[in-house]
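Chain A is the first sequence line, chain B the second, and so forth, proteins listed ahead of strands; every chain is numbered from 1.
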Amino acid sequence: MEKATENAKNPAPAAPVKLLGSWASSYTHRVQLALRLKGLEFEYKEEDLGSKSEELLRLNPVHKKVPVLVHGGRALPESVVILQYLDDAWPETRPLLPADAFDRALARFWCHFADDKLGPAVGAVFASTGEEQEAAVRQVHENLALLEAELRDGAFRGRRFFGGDEVGFLDVVLGCGSYWLAVFEEVTGARLVDADAFPLFHAWLRDFEALDDVRETIPAVDRLLEYARGVRHMLLGLAGAGGAANPADEAPVAAPPAAATDIAVDI
Amino acid sequence: MAGEKRKGLQLLDFWVSPFGQRCRIALDEKALPYEYLEQDLGNKSELLIRSNPVHKKIPVLVHDGRPVCESLIIVQYIDEAFSSSSSLLPSDPYARAQARFWADYIDKKVYDCGTRLWKTKGEPQQQARKEMVEILKTLEGALGDKPYFGGDEFGFVDVAFVPFTAWFLTYERFGEISVEKECPKLAAWAKRCGERESVKKNLSPPEKVYEFIATLKKKFGIE
C-alpha cells in the first residue's frame, strides 16, 4: 500500500473512484455492493487473476489481490478496510457500520468470524470429498449454528438484517459470501444451509438475495455454477495428484489456478 | 451479588500474550482504569467461556458487563467508546485505512510465522525464517523514516505491533534472526516505543518471553 506522504491531502470525495476486481470474487462483490448502497459512481476494471496486471501488482504489492479501490489516485486494498474507508470518506452517505461503539465491535467481530472461520470451512467443503468433506460440513454447520443463535437470542435477535431494518456492514460481508452456499451445495452435493436447522439464517439470506442492489451486483447463478464446477473439477484433480489443495490458501499451482485460489471459494 | 451488573472495565488476559498487551497498552494510553484478570488457559474460567463463547480466547474486554473480543477490535472499541481522550486512529480517512491495513497485515502474518520459527526445525524453519525477514522488512518499509507507524504520534499500528518486539529476542535465539541487523529502523522504532510508560509497563521482559517459549518447547518435545 502506498505510504502517506507528510503533506498529502485526502482525496476530495468528488475525485474519481476506480475498482479493480474479479467478476466471481465475493470480496469484489462486497465493495461493488457497498458502492451501490451508498450511491457512489465508480469505474470498474476486471482483472484476470491468472495473469495479474502491472497496475494491480503496483497498487497492491503486499497481497497482490483484488479488490483494490483507487480514490483520487490512492490505492486501498482489503475489502473490509475498503468498506470502512467508504464510511469515513463519504460520511454524508448511508453508513455501513452502526453508530454505537459496542455495535461496531460486534459487527467487526462477526465479520472477522466470517472471514476467519466460516469462509475457510466452506472452502474446505468445496475442496474435499468423502470423510474429509463430511468433517468440513460439520464445521460449517457448527459455525452457522453460532450465527443462528445470535439471530435467535443474541445480539441480532428480532432483526431482519444484521444491520437492522436495512442492510449494513455485516450483511454485505456475510451476504456476498453466503451467496455461494447454494452454488456449492449444487456442485458438491453437500447440504450446507438447511432451512430447518438454520431457519433465521436461511430467511436472512433469502431476504438479502432478494434486494435489488444485491441482484444487480452479484452475477447470475448459472454463471457462478459453471465457474464453481470448473474450479472444483480442477481442485479435486490436483488433490488427487498429491497434496490437498486448500483453496483458502494462496498455494501456487499450475494454470488457471491463481484465479481459483484467490477467489473461487471466498465467502 | 450474582444479579448485579458489573460496572467499569475488566480485561481477561494471559500475562505473556502480545494480543492482550495491545489492549493493556491502549487502556493505559487512554488513561482508563481497569481490573486485570489473569486467566488460566489450561483450565478456562466460567467467566471467560461465558464472555467469549465463540472462541474461548483471551483477551476479552468486559465493559459494564458486556464483552468485546479480538484484540484489534478491542483497541478500536476503546478508541471509539472513549473518544474524548487522544485518538489512537488518525482522523484522516485514508490514513485510517492505512492503519487498519497494516494492523490487519500484522495480525495475518507475525504471530503464525513467529510460532513456526520456534516450533519447527530444518526446512520448515528455514522457510519461516525467510518469511519472517520478509514480513519485518515489509513493516520497516511501511514505517519509513517516520518516528511511529502513525507518523509523529504513537498510534493504532504501533499498538498492534509493539508487543511483538518483546519476542525479537526469542526469534533471535530460536530462529536466528537478528532484527537489529536485518531491520535497523524497526529496531530503533522498538526502542523508541519502549520509552513510553504504557509500553514499559505492559510488555513482558524479553527474557521472560524466551523462558516461556523454551518451557513450551520442552513440553511439546521440540528439540
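- Under a cut-off of 6.0 angstrom, the local environment of CD in B:Glu38 is crowded, with over 12 non-hydrogen atoms contributed by other residues, nucleotides or ligands.
- Scanning both residues, B:Trp102 and A:Val62, for their nearest heavy atoms gives CH2-CG2, 3.7 Å.
- Taken from CD in A:Gln84 to CD in B:Gln76, the straight-line distance is 6.0 Å, to the nearest 0.5 Å.
- To the nearest 0.5 Å, the span separating CG on A:Leu76 from CZ on B:Arg100 amounts to 11.0 Å.
- Relative ring orientation between B:Tyr94 and A:Tyr85 is described as perpendicular, the plane-to-plane angle rising above 60° on a 0-90° scale split at 30° and 60°.
- The distance from atom CG of A:Leu106 to atom CZ of B:Arg66, rounded to the nearest 0.5 Å, is 8.0 Å.
- Residue A:Arg157 qualifies as open at atom CZ: its count of foreign heavy atoms under 6.0 Å is 12 or below.
- Pairs engaging residues 98-107 of chain A under the salt bridge (Lys or Arg N to Asp or Glu O under 4.0 Å) rule: A:Arg104-B:Glu80 [sequence neighbours left out].
- Around atom NZ of B:Lys191, no more than 12 heavy atoms belonging to other residues, nucleotides or ligands sit under 6.0 Å away.
- The residue among B:Asp79, B:Ile74, B:Ile73 with the most heavy atom pairs within less than 4.5 Å of chain A is B:Ile73.
- Enclosure of atom NZ in B:Lys30 by more than 12 non-hydrogen atoms of other residues, nucleotides or ligands within 6.0 angstrom is indicated.
- Between B:Cys69 and A:Phe109 the shortest heavy-atom distance is CB-CE1, 3.7 Å.
- Among residues at least two apart or in separate chains, side chain to side chain donor-acceptor pair (under 3.5 Å) pairs with a member in residues 122-135 of chain B are B:Arg116-B:Glu131, B:Gln126-B:Arg129, B:Gln127-B:Glu131.
- Contacts with chain B were tallied for A:Glu142, A:Arg108, A:Lys117; A:Arg108 has the most, counting heavy-atom pairs under 4.5 Å.
- Ring-plane geometry between B:Tyr105 and A:His63 is classed as tilted, the angle between the planes lying from 30 to 60 degrees on a 0 to 90 degree scale.
- Few gaps surround CD on B:Glu195; more than 12 heavy atoms of other groups in view lie less than 6.0 Å from it.
- When all heavy atoms of B:Val68 and A:Ala105 are compared, the pair lying nearest together is CG1-CB, 3.8 Å.
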